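Structure first, then comments.
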Number of protein chains: 2
Amino acid sequence: MAEGPTITTIAERAGVSIASVSRVLNGLPTRQETVRKVMAAAEELGYVRNAVARSLKSRRTHQVAFAMADVGNPAYLAMLRQIQPVLKAAGYRIVLHSTDAVVADEIDVLHSLGERYVDGLIMSPLRVTGRHLQMLATARAPVVIIGSVPEGTPVDNVRADSRTGVKLAIDHLHALGRRRIGMVNGPPDTVPGAARGAAYIEALEACGLPYDENLVQIGDFYRAEGGRAVAALLDRVPDLDALMCANDLIALGALDVLRAAGRRVPQDVAVVGMDDTDLAAASWPSLTSVSLGSAERGKAAAELLLDRLQHGEREPRVVTVPPRLVVRASTTGEEEGGT
Amino acid sequence: MAEGPTITTIAERAGVSIASVSRVLNGLPTRQETVRKVMAAAEELGYVRNAVARSLKSRRTHQVAFAMADVGNPAYLAMLRQIQPVLKAAGYRIVLHSTDAVVADEIDVLHSLGERYVDGLIMSPLRVTGRHLQMLATARAPVVIIGSVPEGTPVDNVRADSRTGVKLAIDHLHALGRRRIGMVNGPPDTVPGAARGAAYIEALEACGLPYDENLVQIGDFYRAEGGRAVAALLDRVPDLDALMCANDLIALGALDVLRAAGRRVPQDVAVVGMDDTDLAAASWPSLTSVSLGSAERGKAAAELLLDRLQHGEREPRVVTVPPRLVVRASTTGEEEGGT
DNA sequence: CAAAACACCGTAAACGTTTACAGAAATGTG
DNA sequence: CACATTTCTGTAAACGTTTACGGTGTTTTG
């Protein structure tokens, strides 16, 4: 923790100017003799370049921020897992923010871009409000949003297609002969909540199934509340034979409650989750889940950001990642499904 | 992305010197009139303090690095989840590193402390080598290690007590009447692998059970390989009646394989995991698991680091977090344990 | 051998802050 | 009103780099 060596220390020891030291360290053309002296001095002193000073001068921090709604949510984790190596390979460090989906915190993060401690930001907000859009329009560094943002917002955007995702799931359930398909959703004022709710209605109708608002129950996006929502739904609709859950955590809550109620999964009630997190494979019965490509979205977001950092201004781009239905035992596991 | 306003821009507009601007912005005593002018100018220009310049001058970055072995591992995630709010509340940002447990990467992270882009580091290495110790001794910023480090290493240290943890589990299994208790462990050259392996032998003997090396199978710390290890173990020891797994992922692999082999959990084989991750509660049967207090360790590490950052030099401290056995269905779930 | 060309190097300015110091303005005191 | 205090402000230096520019010293050229 002693005062570290600087370029000046090296210059003195090597008997050259700081400019020469800098040149040697950056590989600019220099006399062999000087290179040798500088390298030797740097080596002996254990010199390491000061990133802060370098950033100040170069106006590049080689840091990128990732603002996730919730450190605990496996979907964001899956994104992070892909973002990390892409950015690392390009020489960027990741600064992590957890906003707990609080709008004020997200605005703070956008505002803090003005501090210029990062070169760019990847953000995945749960809600997109007017203030978000306003901040995005004046952001002081490039931003990539994972999630949907209105046309014309000047940021790169990576979208999931939850509409198609829900349709895949409903079609699957319909094909299995299910006709009373309930939905447990998160708050409708969130982007995913709104999209998934609308998609559910649309998909039902595409199958020729009537939409019955009794079939829909709203909670939050977590396991405990998801379970409570399912309990309420079961009470109201005893002949329920399938459940579309707005994410995997809700689906786990559903499994808990169904098991407690003595309903067999999938024989009595088939369950589909969403996000295809690690939990889906870990649960038992394992969970059929709609993968919205969290991993792919993370990767795409990192690549978009890098591209923008390297090539500067250009049209905002939108990448849509197609969903995929991962079928597991909670819909088709007759042989091994059980109480 | 236009050139942002600086202290100089404000000074010009307000008709004062940059020193006055800085004073106002930092709340140092200033004439009311000046405060007003500066605030107004700052407001109009949308000024935000440049964190890089400030860091350079103050020699404080208000950033802390967290180096986790693997972004995908839920145990590290649990730590992160606790570290995050503690540091955030104290005004620190988190820079995330994923070292994939590669020693060279960990050394790199330690080395990069010399760049002074962070004020401190929390690191959780899987192995601690001589090079680690050497780098730790000369680290250019305070470091807190989560995991065990030899006496005398000049860093704060937060330890789990896996020895007691394993003992809790083995005692539990023994009390349930199990006598052929196998162990599936990770590599013995990792710190956790070594500790857990030794603790297993010790705990068996404390119960008066003979140690049989056939009962131990080594793999890695992941699900697939864990499953393979269990399969091998079952082949070799058909009368196995309990399994101590070195972490939850291995235990999930065990559940997969036991189910496929038609062994009932827990009736035929009881299974205990370790780390008590979210997966343990999600699996079915839910997994009895030894909590090594990942969350508590994360919190303790963050607090140690903050304390050190605020109060400077002092004796290195060691905090040990006691383990806790979380009993679930995989050892005692007769009523609902399944095929 | 003088002049031109070149290779290398050092000085100094800049990045955007904070802060020690001294000078100016305002206030208090006799 | 002269002076001593106090309060406020501006100048300049510093943090550790990068880099434009001009000056040496060496080599090439006619």
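Since we're looking at a predicted model, the values are computed, not measured. Sequence lines set the chain letters: A, B, ... in the order given, protein chains first and strands last, and positions in each chain run from 1.
Between the base of D/dT18 and the side chain of A/Lys57 there is a donor-acceptor pair shorter than 3.5 Å.
Not a single side-chain hydrogen bond (donor to acceptor under 3.5 Å, both in side chains) links B/Gln134 to another residue, sequence neighbours left out. Qualifying side-chain contact (heavy atoms from CB on, under 4.5 Å) partners for B/Thr61, counting only residues two or more places apart in sequence or in other chains: A/Val52, B/Ser55, B/Gln63, B/Asp119. For A/Asp156, the side-chain hydrogen bond (donor to acceptor under 3.5 Å, both in side chains) test picks out A/Arg308, with sequence neighbours left out.
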Close N or O pairs between protein and nucleotides 24-27 of chain D (under 3.5 Å):
none

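Checking the phosphate oxygens (OP1, OP2) of C/dT17, a side-chain nitrogen or oxygen of B/Tyr47 falls inside 4.0 Å. One finds a side-chain N or O of A/Ser22 lying less than 4.0 angstrom from the OP1 or OP2 phosphate oxygen of D/dT18. Contact between the side-chain N/O atoms of B/Arg54 and the OP1/OP2 oxygens of C/dT18 is found at a separation under 4.0 Å. At C/dG16, one or more side-chain N or O atoms of A/Arg59 fall inside 4.0 Å of OP1 or OP2 (strictly under the cut-off). Note on B/Asn50: every side-chain N or O is 4.0 Å or more away from OP1 and OP2 of C/dC15. Between D/dG16 and B/Arg116, no contact under 4.0 Å exists linking OP1 or OP2 to a side-chain N or O.
Put simply, CG on B/Leu56 is 14 Å from P on C/dC15, counting in whole angstrom units. Rounded to an integer number of Å, the gap from A/Leu28 CG to D/dT18 P is 9 Å. For the pair B/Asn26 CG and C/dG16 C1', the interatomic distance rounds to 13 Å; values are reported in whole Å. Separating the CZ atom of B/Arg36 from the C1' atom of D/dC8 is a distance of 16 Å, rounded to the nearest angstrom. Following rounding to the nearest Å, B/Glu115 (CD) and D/dG16 (C1') show an atom-to-atom distance of 13 Å. Here D/dT9 presents its C1' atom at 16 Å from CG of B/Leu25, a figure rounded to the nearest Å.
Among all heavy-atom pairs drawn from A/Ala51 and A/Arg93, the shortest one is CB-NH2, 3.9 Å. Closest heavy-atom contact between A/Pro192 and A/Phe221: CB-CZ, 4.3 Å.
Of all the residues in residues 6-13 of chain B, not one reaches under 4.0 Å from DNA chain D with any non-hydrogen atom.
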Quick tally for nucleotides 6-11 of chain C: nucleotides whose base has a protein heavy atom under 4.0 Å get B, sugar-phosphate-only ones S, the rest -, giving --SBBB
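The pair A/Glu33-A/Arg36 meets the salt-bridge criterion, since a charged nitrogen lies less than 4.0 angstrom from a carboxylate oxygen. One finds no salt bridge joining B/Asp100 and A/Lys88 here, because no Lys/Arg side-chain nitrogen approaches an Asp/Glu carboxylate oxygen to under 4.0 Å.
Without hydrogens or angle criteria, B/Thr153 side chain to B/Val155 main chain gives no donor-acceptor distance under 3.5 Å.
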Using side-chain contact (heavy atoms from CB on, under 4.5 Å), reason through B/Val86 and B/Glu303 one step at a time and then give a plain yes or no. CA-CA 7 Å; B/Val86 174; B/Glu303 286 166 350; 4.1 Å; yes
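A donor and an acceptor atom, one from each side chain of B/Arg49 and B/Asn26, are located under 3.5 Å apart.
Note that CD1 of B/Ile10 and OG of B/Ser20 are 12.0 Å apart. Values are rounded to the nearest 0.5 Å.
None of A/Val319, A/Asn157, A/Ile122, A/Val321 except one satisfies the side-chain contact (heavy atoms from CB on, under 4.5 Å) rule with A/Ile146; the exception is A/Ile122.
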